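Accompanying notes for the structure given below.
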Amino acid sequence: MTSLVALLVAVVPGVLLGFALPPGRYRWAAWAASPALTLGLIAVAMAWLRPLGLPDSAAAVLVAELVLAAAAITLSRLLGRGLVEDGADRGARRWWTRFRLPSVRPRPADVVGLAVPAVIAAGYGWLIVGRLAAPPGWDAMNHGYLSRRILDTGSTAITAACSSGSTDTVTSCEFYPLAANVAWAQATQLSGGPMSTVMTTWALLVGPFALAAGIYACVRALGGRPVVAAAAATAPVFIGPMWVSLLSGRITEQAAPCLAGGLALLIALAVRGRHPVRMGLLAGLGGAGVVMMHSYDVLFIGVLALGLAVALRERLRWRTVGAAAVAMVVAGAGTLAPLLGTIVGAGGERLTEKPQLLGRWGEAVQFWLTDPQRYVLLGFPTPGTEHVAPWPLSVRIGLWITVACLLASPLALVLRSLRWARPWLAAGLVFTLVGIVTISSNAALVQSLAALWYGDPARPWSMIFPVYGVATVAGAVVLGLGLRRLLALLGGRVTALRRPTRALTSGAAVAAVVVLSLALLAAVPGTWHPLRGEVKRRAPVGDSYGRAFEWLDGRVQPGQVVAYDRHRQFMTWSYADYGTPLLFGIPPLEKAVADNWEDRWRAWRWLVNNADAPAAGCAVRRLAIGYVIVGSANYPGWRAHYRQSRLDRSDRLTLVHRVDGIRIYQVTEAGRVCPDPAG
C-alpha cells in the first residue's frame, strides 16, 4: 500500500494537468511528463504558500497541487479560444460542454509497447535494489532526514528542513532542491508507511516508469514504430548507469534523467505544436520542478528538447515559437520567483573539486569514450575503476553487442527512418564533450559549469545515461537495415529495397532481438550479482534495524535525541522511518555556524570515551542526548569515530538493549556532568 500511495502521489497531480489539453498526442505527451509536472506543482506551492501567509506543510502543498491542477483544467475550458486554443479547436459549443472529458483510448500496440519496458524496469529494480531494509547509499540517509524534517516542522521551507540536528538547531543550507523530498513526505504521511519504502518506490517504480513513458513518447512522436519505441525505452534499464546512481544514495540523481524524455518532448511540442501557450506553461512548470529536484539536469533536458524540436515535422512558425518561449519563461520564473535570489546566490552548495585529469586530455577521452567499463551491462564496474575482477562471459558478450551497435549508431544521422534517434545522439555528443572538457580544464567558465555537479565526473555520466540505451537501439536498427540490404543484394532481390515498410520492419526486428538478448544477458546472475553485492554493502540489511528502532522510539523522552556515528552504521533511518530525533543532521555550509556541528561531535567523542576527548557534559545537556546507538554493519569507506573497546569501558553510558549486532546505550549522569548547567 505504501508503494501504491507513493506512485499515486508522484503522478496523479501531473496527470490531472494533462486534462488541460485536448485528447490526442498533446495530452499523451503531458501524461508522459506527469512526474515532472507534479514536481512543478510542488515547486509552486513550496515557493508561494509561505510568502502568501498560508500553511506550507506537506499536506498543504498536496492540497495546493490539486487546487492548482483543477484551476488549470477550469481555465483551459473557460478560456478555450484565442490565446490558449488553436483555431481548429474553436466551435460553437455551449459553455458547459467544455467541461466534458472525452475518452482517450490508446492503441493496443502502444499499451503493450509501454507496458513491456515498464515491467522489465521494475523487475531489474527488484533484483538490484529490492528486498532491502532501506535504500542504499549515504546520501539517501541525508534525503531521509530532510524529508522527515518536513513532516516534523510542518513546513516545506528549505531553511527549516536543512538543519544541523533535532535539538539546538541551526540552518545548514539556504538552498537545496526539495521537491522530491516533499513528495516523499506526502506519501509517508498519507500511507503511514516507512519513509524508506517511499524512497525505494521512487527508485523502483516512479523513475523507471517515467523513463519508459518519456522515451517511448519521444520515439513515437518522431515516427518510430511501437516495437522500436519499446526497445528504446527498455534498453537504458540495463545499458548505462541507471542503478549505479543509487550506490551513493542519490535517488534524485537517478530520477531526473528518467524525466528527461517526457519533459523534453513537452518543450518541443510547445515550440512546434498547435498549443504553444498551454504546452509552454506546462513545460515551464515541469522545468521548474526539475530545478527543485535535481537542478543541473535541466541542461541535458534543454539540449534534448532542442534536438526534438528540430526533428519534429510540424511547420515551424515563429509566432508559435515566441508564444511558447514566453509561456515557458513566465511559468518557470513565476514558479520560482520567491526563490530566485536564493538559487542564484547558493554559492556554498556549489563548491567543487579541482579537475581530476587537469591537462591530461588523452586520459579524459579514454575515461569518457574508450573505457570499456562505460559500456558494460548495468554500468558496473564504473569507468576508471581499477582492480576489476574478470568479467563473466555474459558481460563480455553484452559488451561486444553494445559496442557494435554504438559504433553503427552515428549512421542514424543520415537515415531518415532513424530521425527519432538524432536528438538523443546529439545530446549525448554535446555532454560527452562537456564531460571531457570539465574533467580536463580549469578555465573559469568551464569550472563554473562543473561546479553545478561539484566537479564529480560521475554525475554528468548519470545525467545522460538514457542516451547509451537509445543509441544502442539505433545502432541495432542500422545493422538490421544493413543486413537486409546485404541479403537483398546477395539474393538479387533489389526491388525489395524499394519497400521502406519492410526495410523498417527488419530494423525493428533486429532491435528487438538485440534488446531481448541484452536483457537476458543482464539477467544472468553473474552479471547483476556484483552490483547487487555492492548495493547490499551500502544499505541496511535485515529486520534487526526495524526491531531496534521500534524499541528505541518507544523510550526516547520528548525533547531528547539519540547520538550515533552519523551515517556510518545506517542509524539515520531510525529518524527517517520512525521519527526518533537524532543528534546529527546536515553539516552546516557556513563557517559562522560550524561550531554547532563541532559541538555535536565533541559530545559524541566524550560519551564514547575516545582518548583525549575533552569534557563535554555541558554539550550533552544542551543537545539533550538521551541514548547512543551503534551497530556492527559499517558503510564502506567511512571512518569510524569510536572504538568499541573504549565505549564498553565508558562510565558515561550503560548498555540497555541489544538486537543482534545493534547496541543501545543510555546516557548516565557521568556523561551529563556539567560544572555550569546554566551555560
Side-chain angles (χ1 to χ4, degrees), residues 129 131-146 148 164-166 194-196 199-200 246-250 533-553 555-556 560-587 597 600-610 613 620 623 625-650 652-667 671:
V129 297
R131 300 156 291 152
L132 298 173
W138 59 270
D139 211 20
M141 289 180 267
N142 283 337
H143 281 284
Y145 173 85
L146 292 165
R148 177 57 67 175
S164 60
S166 300
M195 183 78 69
S196 58
M199 294 169 64
T200 302
L246 300 176
L247 287 178
S248 59
R250 299 186 181 113
E534 189 63 25
V535 165
K536 290 180 67 175
R537 290 179 64 221
R538 297 166 183 258
V541 179
D543 65 350
S544 57
Y545 292 92
R547 290 187 283 125
F549 297 160
E550 286 181 356
W551 186 94
L552 185 63
D553 186 56
R555 287 159 178 81
V556 175
Q560 286 187 335
V561 298
V562 178
Y564 61 109
D565 200 1
R566 202 161 175 253
H567 294 334
R568 182 171 176 266
Q569 295 175 333
F570 311 106
M571 299 307 166
T572 314
W573 289 114
S574 65
Y575 178 57
D577 280 347
Y578 295 88
T580 308
L582 294 179
L583 174 63
F584 292 110
I586 307 298
W597 188 253
R600 298 174 190 276
W601 281 112
R602 191 177 296 115
W604 165 264
R605 290 191 290 267
W606 162 253
L607 289 175
V608 298
N609 194 31
N610 280 358
V620 172
L623 295 167
I625 302 173
Y627 290 85
V628 167
I629 183 170
V630 298
S632 57
N634 299 319
Y635 193 90
W638 279 52
R639 182 174 64 89
H641 296 90
Y642 76 100
R643 292 178 59 184
Q644 186 63 48
S645 59
R646 292 193 62 88
L647 188 155
D648 290 337
R649 297 198 301 270
S650 174
R652 301 150 200 168
L653 300 172
T654 181
L655 181 65
V656 292
H657 192 63
R658 182 168 182 168
V659 180
D660 298 332
I662 299 175
R663 298 178 177 88
I664 301 174
Y665 300 84
Q666 190 168 18
V667 178

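It should be emphasised that the depicted structure is a prediction, and the values quoted were computed from it without experimental measurement.
- Side-chain atoms of W573 do not come within 3.5 Å of backbone N or O of M195 as any donor-acceptor pair.
- Note that the CZ atom of R649 and the CG atom of N609 stand 7.0 Å from one another [nearest 0.5 Å].
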message: Pair Q560, I625 - check side-chain contact (heavy atoms from CB on, under 4.5 Å), show working.
response: CA-CA 6 Å; Q560 286 187 335; I625 302 173; over 6 Å; no
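- The shortest non-hydrogen separation linking A134 to A539 is O-CB, 3.8 Å.
- Inter-residue side-chain proximity for P587 and S164 is flagged as unmet; no heavy-atom pair is nearer than 4.5 Å.
- The number of heavy-atom neighbours closer than 6.0 Å to CZ of R643, taken from other residues, nucleotides and ligands shown, is 12 or below.
- The distance between the ring centers of Y145 and Y575 falls below 6.0 angstrom.
- P136 and L132 get closest at one heavy-atom pair: CD-CD1, 4.2 Å.
- Contact annotation: the side chain of Y564 approaches that of L582 to within less than 4.5 Å [non-hydrogen atoms, C-beta and beyond].
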message: Quick one, M199 with H143, criterion side-chain contact (heavy atoms from CB on, under 4.5 Å). Give me CA distance, side-chain angles, the key distance, then yes/no.
response: CA-CA 9 Å; M199 294 169 64; H143 281 284; 3.8 Å; yes
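- For the pair L655 and I664, the tightest heavy-atom approach, listed with the atom from each and the gap, is CD1-O, 3.4 Å.
- Using the six-membered ring where Trp is involved, W601 and F584 have ring planes that are tilted, between 30° and 60° apart.
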message: Using the rule given for side-chain contact (heavy atoms from CB on, under 4.5 Å), can you reason through I629 versus Q569, listing the C-alpha separation, both sets of side-chain angles and the distance that settles it, and then say yes or no?
response: CA-CA 9 Å; I629 183 170; Q569 295 175 333; over 6 Å; no
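- Here the shortest heavy-atom pairing between Y642 and G631 reads OH-O, 3.8 Å.
- Side-chain contact of R250 with S248: a donor-acceptor pair under 3.5 Å is present, judged by distance alone.
- Geometrically, R538 does not engage W138 in a cation-pi contact defined by less than 6.0 Å to the ring centre and at most 45° from the axis.
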task: May I have the step-by-step check of side-chain contact (heavy atoms from CB on, under 4.5 Å) for L647 and Y665, ending in yes or no?
output: CA-CA 10 Å; L647 188 155; Y665 300 84; 3.1 Å; yes
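- How far CG of D660 is from OG of S632: 8.0 Å, rounded to the nearest 0.5 Å.
- Ring-plane geometry between F549 and Y545 is classed as tilted, the angle between the planes lying from 30 to 60 degrees on a 0 to 90 degree scale.
- The closest side-chain heavy-atom distance from V630 to Q644 is below 4.5 Å.
- Looking at every heavy atom in both residues, G585 comes nearest to R566 through O-NH2, 3.5 Å.
- Side-chain atoms of T654 never come within 3.5 Å of backbone atoms of Q666 as a donor-acceptor pair (strictly under, hydrogens ignored).
- D139 and H567 are not linked by any side-chain donor-acceptor pair at a separation below 3.5 angstrom, with hydrogens and angles left out of the test.
- If you take OG on S574 and CE on M141, they are separated by 11.0 Å, rounding to the nearest 0.5 Å.
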task: Decide yes or no on salt bridge (charged side-chain N to carboxylate O under 4.0 Å, His left out) for E550 and R547, but give the supporting numbers first.
output: CA-CA 5 Å; E550 286 181 356; R547 290 187 283 125; over 6 Å; no
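- Two residues are said to be in side-chain contact when any heavy atoms from C-beta on lie closer than 4.5 Å; Y635 and F570 meet this criterion.
- Taking the charged nitrogens against the carboxylate oxygens, D577 and R148 have no contact shorter than 4.0 Å, which rules out a salt bridge.
- Residues V535 and L246 fail the side-chain proximity criterion, which asks for heavy atoms closer than 4.5 Å.
- No side-chain heavy atom of V667 sits under 4.5 Å from any side-chain heavy atom of R652.
- With contacts defined as side-chain heavy-atom distances shorter than 4.5 Å, the pair V562/V556 qualifies.
- The minimum heavy-atom distance between D553 and G579, with the atom names listed, is OD1-C, 4.3 Å.
- Partner of N634 under the side-chain hydrogen bond (donor to acceptor under 3.5 Å, both in side chains) criterion, chosen from R639, R537, R568: R568.
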